[in-house]
Amino acid sequence: MRKRINGYTLIELLVVVAILGTVGFIVTQIFFTVLQSTAKTDLTREVKQNGDYALSVMEKMVRNAIGLDNVVNPCPFTNRNSLQITNPGNPSTTTTFSLSGNQIASTGGMLTNTKVRANNLFFTCTRTSGKPDLIMISFALTQANVSATRPEEKASINFQTTVSLRNY
């Protein structure tokens with residue numbers, strides 16, 4: 001009779017190593033996917049916050065403006081890259097919105113920070129008799145790190161709104 005030797009066979013060890021290797025590979029892939037999606041979420045959040053802030057400032061100021069500077073911006077016009085409005089508190093002052101380098105700027109300062117790049121800032125004015133002028137504002141923001149090559153490392157958002165002047 002043969003004596004039984006305790007231990008594992010080579011086949012059993014190979015099966016265990018293959019199972020552990022597969023489980024390890026799957027866990028590693030899940031971990032890297034979570035890291036990539038977190039990075040993409042952070043980039044998108046930064047771009048969205050900057051765009052929402054710039055858009056809200058421009059909307060509020062345009063909505064409350066006395067009117068457009070009709071010398072610089074006679075309405076109607078299409079796809080102008082700057083807009084000059086007459087301020088409500090002091091009719092002798094104006095505010096201009098435009099691109100300054102890669103940032104959206106107003107007369108009072110920058111509306112976006114250096115973590116994003118702005119492009120395609122356009123203003124369109126439409127006029128209807130008996131109604132207030134409508135100003136359409138549109139622009140695109142991307143993250144400032146343009147060296148990214150993978151889609152999960154890029155964030156780009158288009159912003160657009162239409163504002164009706166209250167004072168006409």
Side-chain angles (χ1 to χ4, degrees), residues 25-90 93-128 131-168:
F25 177 76
I26 292 170
V27 168
T28 302
Q29 291 302 314
I30 291 171
F31 177 72
F32 283 121
T33 301
V34 168
L35 286 178
Q36 289 172 346
S37 65
T38 301
K40 175 73 172 187
T41 301
D42 290 344
L43 289 171
T44 304
R45 180 184 41 79
E46 184 71 38
V47 171
K48 183 157 178 38
Q49 283 178 344
N50 272 267
D52 287 345
Y53 174 74
L55 201 58
S56 69
V57 169
M58 288 189 283
E59 275 181 313
K60 181 180 176 185
M61 291 187 76
V62 169
R63 183 177 298 113
N64 294 323
I66 292 174
L68 302 177
D69 183 336
N70 286 323
V71 174
V72 177
N73 298 89
C75 191
F77 57 82
T78 304
N79 291 338
R80 294 255 176 99
N81 56 7
S82 67
L83 179 70
Q84 190 168 356
I85 59 171
T86 304
N87 295 328
N90 185 354
T93 63
T94 60
T95 298
T96 302
F97 300 106
S98 63
L99 281 179
S100 176
N102 293 324
Q103 305 302 311
I104 297 176
S106 74
T107 304
M110 295 297 180
L111 298 180
T112 56
N113 66 28
T114 57
K115 293 181 181 179
V116 297
R117 297 172 53 131
N119 53 34
N120 299 329
L121 175 65
F122 293 115
F123 300 94
T124 299
C125 181
T126 56
R127 179 171 283 168
T128 305
K131 294 185 179 180
D133 291 343
L134 292 175
I135 308 296
M136 187 184 80
I137 305 167
S138 66
F139 60 92
L141 289 183
T142 59
Q143 88 278 6
N145 178 13
V146 292
S147 64
T149 56
R150 296 183 303 190
E152 64 270 7
E153 296 174 346
K154 296 179 181 180
S156 180
I157 301 176
N158 294 320
F159 294 87
Q160 182 174 336
T161 190
T162 302
V163 182
S164 174
L165 293 171
R166 283 188 184 160
N167 304 312
Y168 67 100

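Computed over heavy atoms, backbone and side chain alike; hydrogens, waters and symmetry mates excluded.
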Please report the closest heavy-atom contact between Tyr53 and Leu111, naming both atoms and the distance. CD2-O, 3.2 Å

Residues which pass side-chain hydrogen bond (donor to acceptor under 3.5 Å, both in side chains) with Lys60, listed by chain and number, not counting sequence neighbours: none

Side-chain donor or acceptor of Thr162 paired with backbone N/O of Met136 under 3.5 Å: no

State, yes or no, whether a side-chain contact exists between Asn102 and Asn119 at a heavy-atom distance under 4.5 Å. no

Answer whether the closest heavy-atom distance between the side chains of Ile135 and Cys125 falls below 4.5 Å. yes

So which heavy atom on Val116 is nearest to which on Gln103, and how close? O-NE2, 2.9 Å

Distance (rounded to the nearest 0.5 Å) between Phe159 CZ and Ser56 OG: 10.5 Å

Value rounded to 0.5 Å, distance of NZ in Lys48 from OG1 in Thr41: 13.5 Å

Side-chain heavy-atom pair Val163, Thr161 within 4.5 angstrom cut-off: yes

State, to 0.1 Å, how close Leu68 and Phe77 come at their nearest heavy-atom pair, and which atoms those are. CD1-CE2, 4.0 Å

Could you tell me which non-hydrogen atom of Ser100 sits nearest to which non-hydrogen atom of Ala105, and how far apart they are? CB-CB, 3.8 Å

Rounded to the nearest 0.5 Å, the CZ atom of Arg127 sits from the CG atom of Leu165 at a distance of 9.0 Å

If you compare all heavy atoms of Thr112 against all heavy atoms of Asn50, which two are closest, and at what distance to 0.1 Å? CA-OD1, 3.4 Å

Output the distance between atom CG (Leu99) and atom CG (Leu121), rounded to the nearest 0.5 Å. 4.5 Å

Rounded distance (nearest 0.5 Å) linking atom CG of Leu83 with atom CE of Met61: 10.5 Å

Side chain to side chain, Thr107 and Thr93, heavy atoms closer than 4.5 Å: no

Is any side-chain heavy atom of Phe97 closer than 4.5 Å to one of Ile137? no

Does a side-chain heavy-atom distance below 4.5 Å link Thr142 with Val47? no

Rounded distance [0.5 Å steps], CD in Glu46 versus CD1 in Ile157: 10.5 Å

Between Ala118 and Ile104 the two heavy atoms that sit nearest each other are CB-CG1, 3.6 Å

